Amino acid sequence: MTAPAGDWRLIREESRPGPMQMALDEVAAETAAAGGPATVRTYRWDPSCLTLGYRQAPETVDWAFCEREGIDVTRRQTGGGGIYHDARGDVAYSIAVPAADVPGELLDCYHLLCEPVLDAFDRLGIDADYVEESMPEIYHPACYLRELHPAHDVVAGDAGNEDSGGDDRRRKIAGNAQYRKREAVIQHGSLTFSVEAERHLGTFADPPVTPAEFGDRVVGMDELADIDREDAVAAVEGALVAWVAGEGGDRAGVALDREGVDLDRDGSWTDAELRRAEELVETKYRDEEWVRTRPGRDSS
């Protein structure tokens with residue numbers, strides 16, 4: 001399947017702080033719901049950032065470690081556990097589209113919006129797909145260490161790399177989640193380029209997991225393919241373009257869209273969107289009450 005028809009824009013990788021990236025995801029959803037273009041984009045966390053799941057307890061965070069290491073902390077609109085997004089080791093994407101244009105069933109919609117993610121791994125020569133069998137939880141507060149489920153968790157393994165030494169493990173390589181806001185769907189996700197196990201675990205309060213155990217569950221693209229981060233970003237952007245524009249629409253020098261699609265391959269934010277995002281940063285994504293209080297609970 002391909003993306004729904006309509007007006008789209010690709011916003012290529014931008015480096016911004018985590019609270020701003022979360023605000024821009026929300027703004028992209030508002031724009032799509034209001035009749036503006038749907039958005040596909042890649043982005044980079046600068047500085048590195050820990051995002052908490054919507055209902056995650058703030059007590060699970062090692063706040064002192066994050067402050068000492070210069071790691072931002074914000075809270076996502078999506079559920080699940082916390083994710084450490086390394087400025088180099090993480091490649092992020094998001095898709096914002098009118099809700100009426102995608103399946104109403106959550107998993108059907110999720111699988112549709114994950115198609116370019118799986119395509120990006122394929123372009124890089126990485127054997128990635130949904131996990132075949134459930135894998136048990138290791139540590140609940142960390143998204144990547146929760147139970148892996150065949151319906152939605154993407155894992156990857158060796159696809160014939162001679163340097164792997166015959167390693168046949170299938171380990172988590174991406175975390176994806178979505179929510180609905182004002183008649184729009186936003187799906188965002190993180191693709192692991194390089195695992196930073198010690199820093200990832202360090203953002204949590206006394207996790208009973210060693211870096212080696214973390215590495216047994218999570219894998220980075222750089223372990224599975226001889227690529228640099230720029231290759232990974234280009235693959236994700238190319239896959240997003242092909243998903244929207246159709247087969248061949250991502251070839252160099254080609255700007256041919258399938259019928260019913262108008263894709264701006266060099267899209268950008270409007271001034272009004274950036275102002276709205278800054279407002280959301282101040283009132284939500286960097287607000288102490290939002291970040292340090294579990295939604296639905298007071299701060300006492």
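Just so you know, these numbers come straight off a predicted model, no measurement behind them.
Contact detail for V195 and G220: the closest heavy-atom pair is CG2-N, 3.4 Å. Across G175 and Y144, no two heavy atoms sit closer than the pair N-OH, 3.3 Å. A120 approaches A239 most closely through the heavy-atom pair N-CB, 3.7 Å. Of all non-hydrogen atoms in S48 and A87, the two that sit nearest each other are OG-N, 2.9 Å. Nearest approach of R170 to D129, heavy atoms of both residues: NH2-N, 3.9 Å. The shortest non-hydrogen separation linking N176 to G189 is OD1-CA, 3.9 Å.
Taking CH2 of W45 as the reference point, atom OG1 of T74 lies at 8.0 Å (rounded to 0.5 Å). Here the straight-line distance linking atom CG of D231 with atom CG of L124 works out to 7.0 Å at 0.5 Å rounding. Put simply, CG on L240 and OG on S94 are 9.0 Å apart, with the number rounded to the nearest 0.5 Å.
Connection of I126 to Y130 is established within a shared hydrophobic cluster, with ILVMFWY side chains joined at heavy-atom distances below 4.5 Å, either directly or through further cluster members. Taken together through direct or relayed side-chain contacts under 4.5 Å among Ile, Leu, Val, Met, Phe, Trp and Tyr, V155 and Y93 form parts of separate hydrophobic clusters. A continuous path of ILVMFWY side-chain contacts below 4.5 Å connects V97 to W243, so both sit in one hydrophobic cluster. Both V236 and V219 are assigned to one and the same hydrophobic cluster, defined by single-linkage of ILVMFWY side chains at heavy-atom distances under 4.5 Å. Placement of I138 and I83 within a single hydrophobic cluster is found when ILVMFWY residues are connected by side-chain heavy-atom separations under 4.5 Å, directly or transitively.
R258 places no side-chain N or O within donor-acceptor distance of the main-chain N or O of V261, the cut-off being under 3.5 Å. A donor-acceptor pair under 3.5 Å links the side-chain atoms of R171 to the main chain of G215, judged by distance alone. A donor-acceptor contact shorter than 3.5 Å links the side chain of D257 to the backbone of L263. Looking at R286, its side chain never comes within 3.5 Å of a backbone N or O of P19 through a donor-acceptor pair. Of the possible donor and acceptor atoms, none in the side chain of E282 sits under 3.5 Å from a partner among the backbone N and O of E279. Checking side-chain atoms of R9 against main-chain N and O of A38 turns up no donor-acceptor pair under 3.5 Å. T60 places no side-chain N or O within donor-acceptor distance of the main-chain N or O of P141, the cut-off being under 3.5 Å. Checked by atom type and distance alone, the side chain of R75 pairs as donor or acceptor with a backbone atom of Q56 at under 3.5 Å. When atom types are taken as modelled, the side chain of T192 and the backbone of A174 share no donor-acceptor pair closer than 3.5 angstrom. Looking only at distances, a side-chain donor or acceptor of R229 sits under 3.5 Å from a matching main-chain atom of R88.
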Give the intermediate values and the outcome of side chain to side chain contact (heavy atoms under 4.5 Å, CB included) for residues Y54 and R294. CA-CA 7 Å; Y54 181 68; R294 191 190 310 198; over 6 Å; no
Run the side-chain hydrogen bond (donor to acceptor under 3.5 Å, both in side chains) test on Q178 and T78 for me, step by step, so that the C-alpha distance in whole Å, both residues' side-chain angles and the decisive distance to 0.1 Å come before the verdict. CA-CA 6 Å; Q178 68 175 239; T78 48; over 6 Å; no
When you look at Q77 and K284, which way does the side chain to side chain contact (heavy atoms under 4.5 Å, CB included) test go after all the steps? CA-CA 10 Å; Q77 287 273 92; K284 181 187 289 187; 3.5 Å; yes
CA sep, side-chain torsions, deciding dist, call: D25, R76, salt bridge (Lys or Arg N to Asp or Glu O under 4.0 Å): CA-CA 10 Å; D25 277 351; R76 305 187 306 272; over 6 Å; no
Using the side chain to side chain contact (heavy atoms under 4.5 Å, CB included) rule, take H85 and E196 through it: C-alpha gap first, then chi angles, then the decisive distance, then the call. CA-CA 9 Å; H85 308 275; E196 297 289 343; over 6 Å; no
Candidate pair E30 and R276, rule side chain to side chain contact (heavy atoms under 4.5 Å, CB included), full reasoning: CA-CA 10 Å; E30 293 176 354; R276 170 63 175 152; 2.9 Å; yes
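Figure legend: R41 and Y43 shown as a cation-pi pair, the cationic atom lying under 6.0 angstrom from the six-membered ring centre and within 45 degrees of its axis.
A search for side-chain contact (heavy atoms from CB on, under 4.5 Å) contacts involving D266 returns R12, D264, not counting sequence neighbours. Residues passing the salt bridge (Lys or Arg N to Asp or Glu O under 4.0 Å) test with D153, sequence neighbours excluded: K172. Taking the side-chain contact (heavy atoms from CB on, under 4.5 Å) definition, one finds that A234 meets it with nothing, sequence neighbours left out. For the side-chain contact (heavy atoms from CB on, under 4.5 Å) test, no residue two or more places apart in sequence or in another chain qualifies with E67. H188 pairs by the ring pair (Phe, Tyr, Trp, His ring centres under 6.0 Å) definition with nothing, not counting sequence neighbours. Every residue was checked against the side chain to side chain donor-acceptor pair (under 3.5 Å) condition with E59, not counting sequence neighbours, and none meets it. For V73, the side-chain contact (heavy atoms from CB on, under 4.5 Å) partners are L50, L52, W63, C66, V291, not counting sequence neighbours. A search for ring pair (Phe, Tyr, Trp, His ring centres under 6.0 Å) contacts involving Y139 returns F204, not counting sequence neighbours. Take D216 and apply the side chain to side chain donor-acceptor pair (under 3.5 Å) test, not counting sequence neighbours, and it matches R169. Looking at residues two or more places apart in sequence or on another chain, you find a ring pair (Phe, Tyr, Trp, His ring centres under 6.0 Å) between F214 and H200.
Contact annotation: the side chain of E147 approaches that of S134 to within less than 4.5 Å [non-hydrogen atoms, C-beta and beyond]. Contact annotation: the side chain of T31 approaches that of P37 to within less than 4.5 Å [non-hydrogen atoms, C-beta and beyond]. Under the 4.5 Å side-chain criterion, counting only non-hydrogen atoms from C-beta, P116 is in contact with I95. Using a 4.5 Å heavy-atom cutoff, the side chains of V117 and L191 are in contact. Here the side chains of V40 and W8 are in contact, with some heavy-atom distance below 4.5 Å. When side chains are defined from C-beta on, R16 counts as touching Q21, because their heavy atoms get closer than 4.5 Å. Counting heavy atoms from C-beta outward, F121 and D127 have side chains that stay 4.5 Å or more apart. Residues E237 and E13 form a side-chain contact, since some pair of their non-hydrogen atoms from C-beta on lies under 4.5 Å apart.
Other members of the hydrophobic cluster containing W269, listed by chain and number, are I11, M20, L24, L274, V281; membership follows side-chain contacts under 4.5 Å among ILVMFWY residues, whether direct or relayed.
By the 4.0 Å N-to-carboxylate-O rule, R123 lies close enough to D119 to be salt-bridged with it.
Side-chain contact of Y84 with D86: a donor-acceptor pair under 3.5 Å is present, judged by distance alone.
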If you look only at distance, which donor and acceptor atoms sit under 3.5 Å apart when one is on a side chain in residues 100-114 and the other is two or more places apart or in another chain?
unit_1, atom_1, unit_2, atom_2, d
Y110, OH, H152, O, 2.6
H111, ND1, L107, O, 3.3
H111, NE2, A151, O, 2.6

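Enclosure of atom CD in E137 by more than 12 non-hydrogen atoms of other residues, nucleotides or ligands within 6.0 angstrom is indicated.
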